[in-house]
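Letters go in sequence order (proteins before strands), and every chain restarts at 1. We use all heavy atoms of the structure for the numbers below, so side chains are in, but hydrogens, waters and symmetry mates are not.
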Amino acid sequence: MAVLKDFIRISDTIWELPITYKEGMRVPARIYATQKLMENMDEGVIDQVTNVATLPGIVKYAYCMPDGHWGYGFPIGGVAAMDLKTGVISPGGIGFDVNCGMRLVLTNLTYDEVKPQLRKLVDRLFARVPSGVGGSGFVRISQDEFRHVLEQGARWCIKNGYGWQEDLERTEERGCISGADSSKVSNKAIERGFKQIGTLGSGNHYLEIQVVRPENVFDPQLAKTFGITQPEQIVVMFHCGSRGFGHQVATDYLQSFLKVMEKKYGIKILDRELACAPFFSPEGQDYFAAMKCAINMSFANRQVILHRVREVFAEVFNRDPEDLGMHQVYDVAHNTAKVEEHIVDGKPRQLLVHRKGATRAFGPGAAELPEIYKKTGQPVIVGGSMETGSYLLVGVEEGAQTFFSTAHGSGRTMSRHQAKKQFHGKKLLEDMEQRGIYVRSVSFSGLAEEAGPAYKDIDEVVQATERSGISKKVTRFIPIGNIKG
DNA sequence: ATGTAC
């Protein structure tokens with residue numbers, strides 16, 4: 001539990017630890033949380049976010065979002081912007097599951113229309129979207145072709161018939177980050193990844209059917225612009241990443257950084273898990289180019305899954321996906337490091353922004369946003385636990401304070417081990433069905449790990465982001481069907 | 001998160 005007296009309270013939802021808190025801190029650390037979230041904040045977060053504050057080149061603050069919890073090196077929920085010339089790039093600040101992210105898709109169906117078909121729909125999705133540890137997808141391509149996927153991302157998918165052209169402009173980076181170089185990726189990573197496009201994975205990865213209750217529309221105007229136009233509307237949300245491929249890229253470069261960090265670059269860190277290299281070093285640049293391949297692999301993964309989701313809906317309702325209004329709202333990444341321009345103390349600066357379990361949330365007018373969202377600000381998809389619900393938020397101008405970053409989900413309160421001891425998968429599944437949520441999972445123990453009480457209160461997390469001014473509520477979604485990886 | 005151990 002956090003020792004609150006150590007913190008300077010900047011506002012009711014911003015808590016600061018000054019550089020005197022720990023030797024070597026270059027900038028203060030800031031945690032975004034309500035009092036209630038702060039009282040229960042993982043002690044590991046405080047240790048880790050202040051460790052991050054010691055990294056070379058860090059600008060302004062080391063941040064942790066309200067859904068923060070202990071992670072590898074950096075906390076999950078960590079945000080750190082580095083000066084390009086003096087700063088480092090750190091795999092621990094991005095996460096093993098590079099570009100783990102969320103995609104939200106509309107339908108024009110209502111709850112009453114979907115309810116009689118719910119079991120069939122979930123069963124078909126479970127059968128057609130591969131999930132679980134390992135597992136290969138239905139996209140059969142050679143390892144050489146996979147290299148094209150790594151460099152073209154979701155664009156490769158559209159070219160090959162998996163999706164609609166408009167999906168690209170509704171995806172962060174338009175589904176393809178530039179600068180991905182597959183020659184910087186190991187053969188081992190290619191071998192692990194080339195059969196994994198279109199697969200959900202395991203852990204907290206899932207695909208969910210959700211309903212928008214009228215009382216959960218907080219900004220009707222924005223909701224309408226994002227395509228939420230009718231009462232009890234059904235949407236599909238899913239969460240997955242770059243699978244074994246991204247994991248292998250992270251593993252490869254962590255090893256490479258550990259070899260050179262101290263000997264070649266004289267960087268001393270407080271925790272091996274903070275392994276890093278100067279951004280402009282050969283090792284740093286190679287990792288950046290390889291990590292971008294994993295970003296693109298993940299965009300492609302979610303693009304192919306979207307294609308499958310549309311196919312299944314078309315089958316079950318015997319209507320075209322176009323006719324079902326299955327437009328994508330947006331796709332957000334929440335494990336990345338990207339070069340972005342931000343205003344620091346009144347001057348524009350190029351920064352490497354690490355977001356690990358944190359969502360980019362650009363406000364209205366940002367150059368990176370597509371025309372359709374230029375005026376509104378960026379849609380932000382925040383996935384809650386399978387029992388409680390999720391949110392659609394929007395980026396706001398005040399988000400500049402966190403380099404336009406906000407929360408990405410609920411955040412765990414309990415270790416997986418502890419959750420497995422406390423909950424029983426089969427009973428949980430039955431309880432959820434009683435409450436109108438139909439779940440399919442490859443593993444009961446995996447299901448138990450994802451029980452609602454193993455996560456923070458999503459409403460409290462979202463409130464913290466809104467009250468601190470880093471994002472704003474649009475709608476809340478209630479789960480009715482879940483495919484758990 | 002992860003071919004849940006090089």
Side-chain angles (χ1 to χ4, degrees), chain A residues 42 44 48 67-78 90-102 130-137 143 146 185-207 238-256 258-259 272-273 275 290-291 293-295 297-299 301-302 305 332-337 354-359 383 385-386 408-412 414-421 425 441-450 454-455 483-485:
Chain A
D42 190 343
Q48 292 189 319
D67 50 339
H69 57 104
W70 182 88
Y72 183 93
F74 284 53
I76 316 287
S90 173
I94 294 163
F96 279 82
D97 191 5
V98 176
N99 190 9
C100 188
M102 308 286 315
S131 66
V133 183
S136 50
Q143 296 190 18
F146 184 60
V185 168
S186 69
N187 287 332
K188 197 172 174 183
I190 303 268
E191 282 162 20
R192 281 183 73 172
F194 84 109
K195 290 179 182 167
Q196 294 187 314
I197 305 167
T199 62
L200 208 49
S202 65
N204 64 358
H205 290 167
Y206 64 87
L207 189 156
F238 53 94
H239 176 220
C240 63
S242 50
R243 310 290 334 280
F245 177 75
H247 193 277
Q248 191 61 47
V249 169
T251 304
D252 291 341
Y253 281 93
L254 273 166
Q255 283 169 3
S256 136
L258 280 169
K259 275 182 214 148
R272 269 175 67 87
E273 295 183 357
M291 188 270 295
C293 290
I295 289 184
M297 190 287 186
S298 197
F299 283 139
N301 193 20
R302 292 194 289 272
I305 290 174
V332 292
H334 56 222
N335 279 4
T336 62
H354 294 76
R355 295 188 183 91
K356 183 207 197 162
T359 314
S385 83
M386 62 186 185
H408 82 306
S410 285
R412 295 197 76 86
M414 213 180 268
S415 70
R416 293 188 173 280
H417 181 72
Q418 198 183 339
K420 259 192 292 208
K421 277 198 302 191
S441 174
V442 283
S443 136
F444 280 128
S445 69
L447 191 70
E449 293 176 356
E450 296 303 310
Y455 284 88
I483 287 96
K484 207 214 76 66

Exercise. Would you say a side-chain N or O of A:Ser202 is under 4.0 Å from OP1 or OP2 of B:dT2?
Worked result: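 For B:dT2, OP1 or OP2 has a side-chain N or O of A:Ser202 closer than 4.0 Å.
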Atom-pair distance ([atom1] on [X]; [atom2] on [N]), nearest Å:
X: A:Gln248; N: B:dT2; atom1: CD; atom2: P; answer: 13 Å
X: A:Leu258; N: B:dC6; atom1: CG; atom2: P; answer: 15 Å
X: A:Asn335; N: B:dT2; atom1: CG; atom2: C1'; answer: 13 Å
X: A:Gln196; N: B:dT2; atom1: CD; atom2: C1'; answer: 9 Å
X: A:His247; N: B:dA5; atom1: NE2; atom2: P; answer: 10 Å
X: A:His205; N: B:dT4; atom1: NE2; atom2: P; answer: 16 Å
X: A:Met297; N: B:dT2; atom1: CE; atom2: C1'; answer: 13 Å
X: A:Glu449; N: B:dT4; atom1: CD; atom2: P; answer: 14 Å

For this session: Taking only Lys NZ, Arg NE, NH1 and NH2, and the carboxylate oxygens of Asp or Glu, determine whether A:Glu450 and A:Arg412 approach each other closer than 4.0 Å.
Result: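 Salt bridge present between A:Glu450 and A:Arg412.
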Exercise. Can any side-chain N or O of A:Ser298 pair as donor or acceptor with the backbone N or O of A:Ala294 at less than 3.5 Å?
Worked result: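 No, A:Ser298 side chain to A:Ala294 backbone: no donor-acceptor pair under 3.5 Å.
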For this session: With sequence neighbours excluded, tell me which residues meet ring pair (Phe, Tyr, Trp, His ring centres under 6.0 Å) with A:His239.
Result: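 Checked A:His239 against ring pair (Phe, Tyr, Trp, His ring centres under 6.0 Å); matches are A:His205, A:Tyr206, A:His334.
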For this session: Kindly write out the residues that satisfy ring pair (Phe, Tyr, Trp, His ring centres under 6.0 Å) with A:Phe245, not counting sequence neighbours, or none if the list is empty.
Result: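 So A:Phe245 forms a ring pair (Phe, Tyr, Trp, His ring centres under 6.0 Å) with A:Phe146.
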For this session: Indicate, with a heavy-atom threshold strictly under 4.0 Å, whether A:Gly241 touches base, sugar-phosphate, or nothing.
Result: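 If one applies the 4.0 Å heavy-atom cut-off, A:Gly241 turns out to touch nothing in the nucleic acid.
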For this session: Determine the contact category for A:Lys188: base if any of its heavy atoms lies under 4.0 Å from a base atom, sugar-phosphate if only primed atoms, P, OP1 or OP2 are that close, otherwise nothing.
Result: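 Base contact.
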